Amino acid sequence: MSAESTPDPAIPGPGQSRTPGPDRRGKGRRRKPTTKRRKALLVAAWSAAGIVVLGGTGAGVLYFKLNGNLTSVDIDQALGADRPEKADNGSENILVLGSDTRSGGNKKLGGGTDDGTARSDTAMIVHVYKGHKKASVVSIPRDTLIDRPDCTDTDGGEHPAADAVMFNSAYSTGGAACTVKTVESISGLRMDHYLEVDFSGFQNLIDDLGGVEVTTTEDIKDPDSHLDLTAGTHRLDGEQALGLVRTRHGVGDGSDLGRIQLQQAFVKALVDQVKDVGLLGNPKKLYDIADTATKTVTTDSDLGSVNSLMSFASSLKGIGPDKMHMVTMPVVYDPADPNRVLLEKTKADQVWTALKNDRPIPKSATEGTATGEAKGVVNSGE
């Protein structure tokens, strides 16, 4: 699983936004769906680290095999010193990325042509507060228009800045390093760690776990993501879970923002169930999960060993779904294109300031912004 890929079109700017003029509406429903695309959606990285912890407890003699599964990228080397300062308040920021590549097993899952490119279809800033007892998660919509900074990828390739381009083009252009730099430019926050998972790995993890139980409050049917669920409680296998986190036209206003709301609900259900898997009495299942998890994730070099990843994940084990506050980066629909969103800078600054100071995100930061209208469609299966 490569963290680098070939260039993709544009993205709008870090730390800036286009504010709608007085006669242009800054929010509303999307008026038409985007063209049919393979929208991979890999939200499991956040939970994959926890799964590795479970697997690692029983895999001592297999350490070297599991260690050999891991892929890591040296973000610090690629970005150098031109970055926000590390926080000195005991908090940490982790960029969790879901990558969509058309190659290998992902081509079969996502459909479409293997064009050699990859995109970040899911991006979440996970802010772990001092003491590691709670976290805030900020999802960054892939369709956000931004100004992408110039960057150097982990192979040393240099990429010029670009104005008014989609956020997910940062990954297509310069992989993990350029995505981290773009996120840091938008937020002013230092990303202490990086975790990436691809969607074939996501599917395998869910299957190894025995599925995840969720309750849907309405029917969800989306031929594009091969999802057909009636309202009610379901135990989703890997393929169904992948369909759920990929769907956008089957719920809400049909936008990427609605899909983000489904992703956030699914992550909470997944985190809630990982702790109850009961692996200690089943060594084979325990090892299968550890093997899949270590093959699935790409990390920054600081987390690039089983020991480091286990230690990091162990520090997060006390953060259950009730201790996770999940929001979407404040955005408004682009009046010029209903299939794109623009950063709502004033409200976004409230989010970044709160996290920089290790404080809860104020409710006012997300009031009146675009939502996607899919909140409550999916809940944990309890």
Side-chain angles (χ1 to χ4, degrees), residues 1-16 39-46 71-80 82-84 92-101 116-127 137-199 256 260 263 297-304 328-329 331 341 343 348 352:
M1 166 175 53
S2 171
E4 305 303 327
S5 61
T6 55
D8 197 68
I11 289 189
Q16 300 180 7
K39 314 271 186 188
L41 127 310
L42 320 158
V43 297
W46 165 246
T71 300
S72 63
V73 290
D74 194 341
I75 302 291
D76 290 340
Q77 175 67 29
L79 298 188
D82 185 20
R83 304 178 65 186
E92 285 189 300
N93 297 306
I94 304 102
L95 178 61
V96 178
L97 210 67
S99 61
D100 171 14
T101 176
T117 65
R119 299 170 181 83
S120 57
D121 272 357
T122 301
M124 296 179 176
I125 298 173
V126 180
H127 177 83
V137 181
V138 183
S139 295
I140 302 177
R142 51 162 287 160
D143 294 339
T144 308
L145 294 177
I146 61 154
D147 295 331
R148 188 184 68 236
D150 61 85
C151 62
T152 302
D153 61 40
T154 53
D155 290 329
E158 296 183 358
H159 305 278
D163 295 338
V165 295
M166 280 175 57
F167 168 77
N168 72 335
S169 72
Y171 185 90
S172 302
T173 299
C178 286
T179 305
V180 170
K181 185 166 184 179
T182 298
V183 170
E184 291 183 343
S185 177
I186 292 171
S187 66
L189 300 171
R190 172 73 168 248
M191 295 298 109
D192 299 290
H193 293 298
Y194 174 83
L195 282 172
E196 176 188 331
V197 61
D198 74 12
F199 68 83
D256 187 52
I260 283 174
Q263 292 171 2
V297 296
T298 296
T299 72
D300 64 278
S301 52
D302 286 347
L303 296 180
T328 299
M329 183 178 75
V331 294
V341 294
L343 184 68
W352 312 138

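Not measured: the values here are computed from a predicted model.
Between Thr182 and Ala170, the shortest heavy-atom contact is OG1-CB, 3.5 Å. In terms of heavy atoms, Pro141 sits closest to Ile260 at CA-CD1, 3.7 Å. Here the closest heavy-atom approach between residue Thr328 and residue Val138 is recorded as C-CG1, 4.4 Å. A pairwise comparison of heavy atoms in Asp192 and Glu92 identifies OD2-CA, 3.3 Å as the closest pair. Val183 and Ser187 get closest at one heavy-atom pair: O-OG, 2.8 Å. For the pair Ala78 and Thr152, the tightest heavy-atom approach, listed with the atom from each and the gap, is CB-O, 3.6 Å.
Exactly one of Asp143, Val331, Thr122 qualifies for a side-chain contact (heavy atoms from CB on, under 4.5 Å) with Asp256. That residue is Asp143.
Formation of a donor-acceptor pair under 3.5 Å by the Gln77 side chain with backbone atoms of Thr154 is not found in this model. Checking side-chain atoms of Asp153 against main-chain N and O of Asp155 turns up a donor-acceptor pair under 3.5 Å. Asn93 places a side-chain N or O within 3.5 Å of a backbone atom of Arg190 that can act as its donor or acceptor partner.
Side-chain atoms of Glu184 and Leu79, non-hydrogen and from C-beta on, do get closer than 4.5 Å to each other.
Residues passing the side chain to side chain donor-acceptor pair (under 3.5 Å) test with Asp76 are Arg83, sequence neighbours excluded. In this view, Asp74 satisfies the salt bridge (charged side-chain N to carboxylate O under 4.0 Å, His left out) rule with no residue, not counting sequence neighbours. Considering only residues two or more places apart in sequence or on other chains, Thr299 meets the side chain to side chain donor-acceptor pair (under 3.5 Å) condition with none of them.
With hydrogens and angles left out, the side-chain atoms of Asp302 and His193 include no donor and acceptor closer than 3.5 Å.
Remark: Met329 CE to Trp352 CH2 distance equals 6.0 Å, nearest 0.5 Å. Put simply, CG on Asn168 and CD1 on Ile140 are 11.5 Å apart, with the number rounded to the nearest 0.5 Å. Rounding to the nearest 0.5 Å places CG of Leu303 at 8.5 Å from CD1 of Ile94. In this structure, the separation between NE2 on His127 and CG on Leu189 is 8.0 Å, given to the nearest 0.5 Å. Leu195 contributes atom CG, which lies 10.0 Å from atom CG of Leu97 (distance to the nearest 0.5 angstrom). Within the model, atoms CZ of Arg148 and NE2 of His159 stand 8.5 Å from one another, a figure rounded to the nearest 0.5 Å.
Judged as a disulfide bond (SG atoms under 2.5 Å apart), the pairs with a partner in residues 153-193 (not counting sequence neighbours) are, in order, Cys151-Cys178.
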